[in-house]
Amino acid sequence: MVHLKKNGDTEVLINEFTKKLIGDIKILSYYNDIAPCNDCRFCWKSPGCSINDEMQEIYKYLDECNNVVLASPIWFSSLSGPLLDICSRIQTLYAGKHFRGETKKNKKKYQQIML
């Protein structure tokens, strides 16, 4: 996952980084419609999230992907608000393990050599 500002420094760095990656790449930015977690605790009892937005697609992607890269410009000595919104919505993965008692099967990982 990536947080990008159009034509910004972070976008330039991510574009250079992704040139070396193999496979499908999904890039997110603050232009995506993703709301922050509102602590409704839906995820404590049910998989996923009660907020129906673009994060639903990301949950599927997170379940399938081998690697996740987070990148963000620094705003006021912190990660950007939109990236923090996305991170807060990953709460459902934590809740799956610690509240719903789910266990995930480890996927076979592959190594990629960057030249």
Side-chain angles (χ1 to χ4, degrees):
M1 269 184 256
V2 180
H3 175 75
L4 299 178
K5 180 179 181 182
K6 289 184 181 179
N7 302 316
D9 294 337
T10 305
E11 181 179 31
V12 171
L13 291 170
I14 290 302
N15 287 338
E16 287 301 312
F17 179 75
T18 56
K19 285 179 185 178
K20 304 285 185 179
L21 298 178
I22 298 170
D24 295 334
I25 298 169
K26 180 163 184 68
I27 297 176
L28 304 173
S29 75
Y30 64 81
Y31 300 105
N32 291 86
D33 180 30
I34 299 172
C37 175
N38 61 14
D39 194 30
C40 70
R41 301 186 181 178
F42 172 89
C43 64
W44 286 22
K45 295 182 180 169
S46 302
C49 181
S50 66
I51 302 170
N52 190 14
D53 59 10
E54 291 183 48
M55 194 68 191
Q56 302 303 324
E57 179 185 330
I58 295 166
Y59 292 137
K60 293 175 194 169
Y61 185 76
L62 287 173
D63 202 35
E64 298 169 359
C65 72
N66 287 306
N67 299 289
V68 175
V69 176
L70 299 175
S72 175
I74 302 300
W75 294 349
F76 302 103
S77 301
S78 181
L79 296 175
S80 65
L83 183 59
L84 293 172
D85 290 349
I86 292 169
C87 291
S88 74
R89 295 286 297 285
I90 298 175
Q91 169 70 16
T92 188
L93 302 179
Y94 176 88
K97 180 178 180 179
H98 296 282
F99 295 114
R100 298 190 311 265
E102 298 172 0
T103 56
K104 296 266 183 186
K105 191 175 184 180
N106 288 336
K107 294 185 277 181
K108 184 177 179 181
K109 301 293 181 175
Y110 65 89
Q111 281 190 317
Q112 181 174 322
I113 300 173
M114 298 175 74
L115 303 174

Q: If hydrophobic clusters are built from ILVMFWY residues whose side chains come within less than 4.5 Å, do Met55 and Trp44 share one?
A: no
Q: Under a 4.0 Å N-O cut-off, is there an ion pair linking Glu57 with Lys60?
A: no
Q: Okay, side chain of Ser78, backbone of Trp75: is any donor-acceptor separation there less than 3.5 Å?
A: no
Q: side-chain contact (heavy atoms from CB on, under 4.5 Å) between Cys43 and Cys49: does it pass, once the steps are laid out?
A: CA-CA 6 Å; Cys43 64; Cys49 181; 5.9 Å; no
Q: Would you give the length of the straight line joining atom CG of Leu84 to atom CG of Leu79, rounded to the nearest 0.5 angstrom?
A: 5.0 Å
Q: For Glu54 and Asp33, indicate whether the former's side chain and the latter's backbone hold a donor-acceptor pair under 3.5 Å.
A: yes
Q: Test of understanding: clusters of I, L, V, M, F, W, Y form through side-chain heavy atoms closer than 4.5 Å, transitively. Do Ile34 and Leu70 belong to the same one?
A: yes
Q: Are Ile86 and Phe42 co-members of a hydrophobic cluster defined by side-chain heavy atoms under 4.5 Å apart?
A: no
Q: Are there over 12 heavy-atom neighbours, none belonging to Asp39, within less than 6.0 Å of that residue's CG?
A: yes
Q: Closest heavy-atom contact between Thr10 and Pro73?
A: OG1-N, 3.5 Å
Q: Out of curiosity, does Val68 fall in the hydrophobic cluster containing Leu83 (side-chain heavy atoms, cut-off under 4.5 Å, transitive links)?
A: yes
Q: Table please: side-chain donor-acceptor pairs of residues 87-95 below 3.5 Å, with sequence neighbours left out.
A:
unit_1, atom_1, unit_2, atom_2, d
Ser88, OG, Cys37, N, 2.9
Ser88, OG, Asp85, O, 2.7
Arg89, NH1, Ala35, O, 2.8
Arg89, NH1, Asp53, OD1, 3.3
Arg89, NH1, Asp53, OD2, 2.8
Arg89, NH2, Ile51, O, 3.2
Arg89, NH2, Asp53, OD1, 3.1
Thr92, OG1, Gly48, N, 3.2
Thr92, OG1, Gly48, O, 2.8

Q: For a quick test of reading the model, state the closest non-hydrogen atom pair linking Ser46 to Arg100 and the distance between them.
A: O-NH1, 3.2 Å
